[in-house]
Amino acid sequence: MAKKKTGGAITIATWNVNSVRRMADALRHFTGQQAPDVIAMQETKVMDELFPRELFNELGYTHQAVAGQKMHHGVAIVSRVPFERSEALSWCGKQDKRHVSVTLPGNVELHNFYVPSGGDIPDPKLNEKFDHKLRFLDEMIAWSKRRRKMGVRAVLVGDLNIAPHENDVWSHKQLLKVVSHTPVETEAMARLYEAGAWVDAVRHIIPADKKLYSWWSYRSPDWDAADKGRRLDHVWVTPDLKTGVTHAAVERTMRGHSPASDHVPVMVKLETGA
DNA sequence: ATGGTGGGTACCCCA
């Protein structure tokens with residue numbers, strides 16, 4: 001029997017593209033260079049009817065699960081390998097498109113999330129957006145506990161809009177009161193991590209003492225030299241998949257591509273046993 | 001302490 005193209009391994013990328021239609025050229029470049037099997041995108045900013053299916057067909061990503069809306073949010077998973085089912089869940093009783101999932105070969109669920117960014121003021125009483133972010137995380141915690149009890153093999157990816165550790169930000173001290181790195185957020189993320197027994201696949205490969213970012217603000221001139229980044233984009237796996245994680249990379253060069261998203265792709269190679 | 005840039009859309013919201 002012919003061996004599968006993936007050889008039992010699958011490469012998954014997560015990327016907040018900040019408008020999928022505008023990023024066609026960047027997506028061509030990225031897939032030409034890295035050719036991940038699966039791309040999970042956030043902030044596609046397009047209704048499903050207008051999603052650029054043909055672009056991804058051309059690039060070989062003919063399997064597509066989209067959950068978009070006009071203007072804001074929107075997530076999608078495109079794949080070179082077939083997936084079995086897809087589902088888009090609603091969170092916090094809102095219609096925001098912030099989740100889509102598929103079941104990959106090897107019976108591995110892939111969940112793609114776009115967590116609310118949380119606005120500017122890190123106080124849920126003064127800022128409804130921050131309150132929404134914390135409630136969204138609470139729902140993810142309850143959801144993770146249920147999945148864990150069910151024993152689901154899963155990969156959780158996405159723009160989680162939190163940089164959890166000191167070396168996930170350019171300055172731990174200077175960002176303690178900045179939304180994305182406040183203790184209330186990093187503690188919520190720690191609870192989420194615990195609730196699902198998640199393993200940070202990227203930090204499993206890249207040591208925790210190494211500075212690592214996936215996002216650089218548009219507002220910072222000379223992003224590369226200043227390097228005031230944050231690691232907001234994550235790939236987590238359930239414990240049974242931990243030893244299967246053999247490679248992880250952050251595609252920093254895509255931040256310098258024109259046009260650029262303010263986020264870059266984060267990739268993991270995973271042995272699924274498929 | 002402030003304002004800095006960018007996307008989508010429609011003269012302003014969101015990141």
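Note on naming: letters A, B, ... go to the chains in the order of the sequence lines (proteins, then strands), and numbering restarts at 1 for each one.
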Name the pairs: protein N/O against N/O of nucleotides 8-12 of chain B, kept only if under 3.5 Å.
from  : atom 1 : to      : atom 2 : distance (Å)
B/dG8 : OP1    : A/Ser19 : OG     : 2.1

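- Side chains of A/Lys210 and A/Asn167: no donor on one and acceptor on the other come within 3.5 Å.
- In terms of position along DNA chain B, the nucleotide closest to A/Tyr218 lies nearer the 5' end than the nucleotide closest to the other residue of the pair A/Tyr218 and A/Lys129.
- Going from atom CH2 of A/Trp215 over to atom P of B/dT5 covers 14 Å, rounded to whole Å.
- Side-chain contact, A/Asn107 with A/Glu84: no donor N or O sits under 3.5 Å from an acceptor N or O.
- Comparing the same atom, C1', in B/dG3 and in B/dA15 gives a spacing of 15 Å after rounding to whole Å.
- Nucleotide B/dA15 holds its C1' atom 17 Å from the CH2 atom of A/Trp216, rounded to whole Å.
- The distance from atom NZ of A/Lys228 to atom C1' of B/dG4 is 11 Å, rounded to the nearest whole Å.
- Nucleotide B/dG7 holds its P atom 19 Å from the CE atom of A/Met47, rounded to whole Å.
- Remark: A/Arg255 does not engage A/Asp227 in a salt bridge, criterion side-chain N to carboxylate O under 4.0 Å.
- Using a 4.0 Å cut-off, no side-chain N or O of A/Ser220 falls inside it from OP1 or OP2 of B/dG4.
- Of all heavy-atom pairs spanning A/Ile12 and A/Leu270, the tightest one is CD1-CD2, 4.4 Å.
- Residue order along DNA chain B, read from the 5' end via each residue's closest nucleotide, puts A/Pro259 first among A/Asn161 and A/Pro259.
- For the P atoms, the distance from B/dT2 to B/dG6 is 23 Å, rounded to whole Å.
- Checking A/Asp96 against A/Gln69 by side-chain atom types alone, no donor-acceptor pair falls below 3.5 Å.
- When the P atom is used for both B/dA10 and B/dC14, the distance is 14 Å, rounded to whole Å.
- Protein atom NE2 of A/His263 is 14 Å distant from nucleotide atom C1' of B/dT5, rounded to whole Å.
- Between A/Lys94 atom NZ and B/dC14 atom C1' there is a gap of 13 Å when expressed in whole angstrom units.
- Defined by atom type and a distance below 3.5 Å, a donor-acceptor pair is missing between the side-chain atoms of A/Ser144 and A/Glu194.
- In this entry the distance linking CZ of A/Phe130 with P of B/dC14 reads 17 Å, nearest Å.
- B/dA15 atom P lies 15 Å from atom CG of A/Asp233, rounded to whole Å.
- Separation of the A/Tyr213 and A/Trp170 ring centroids does not fall under the 6.0 Å cut-off.
- Nucleotides B/dT9 and B/dC13 place their P atoms 16 Å apart, quoted to the nearest Å.
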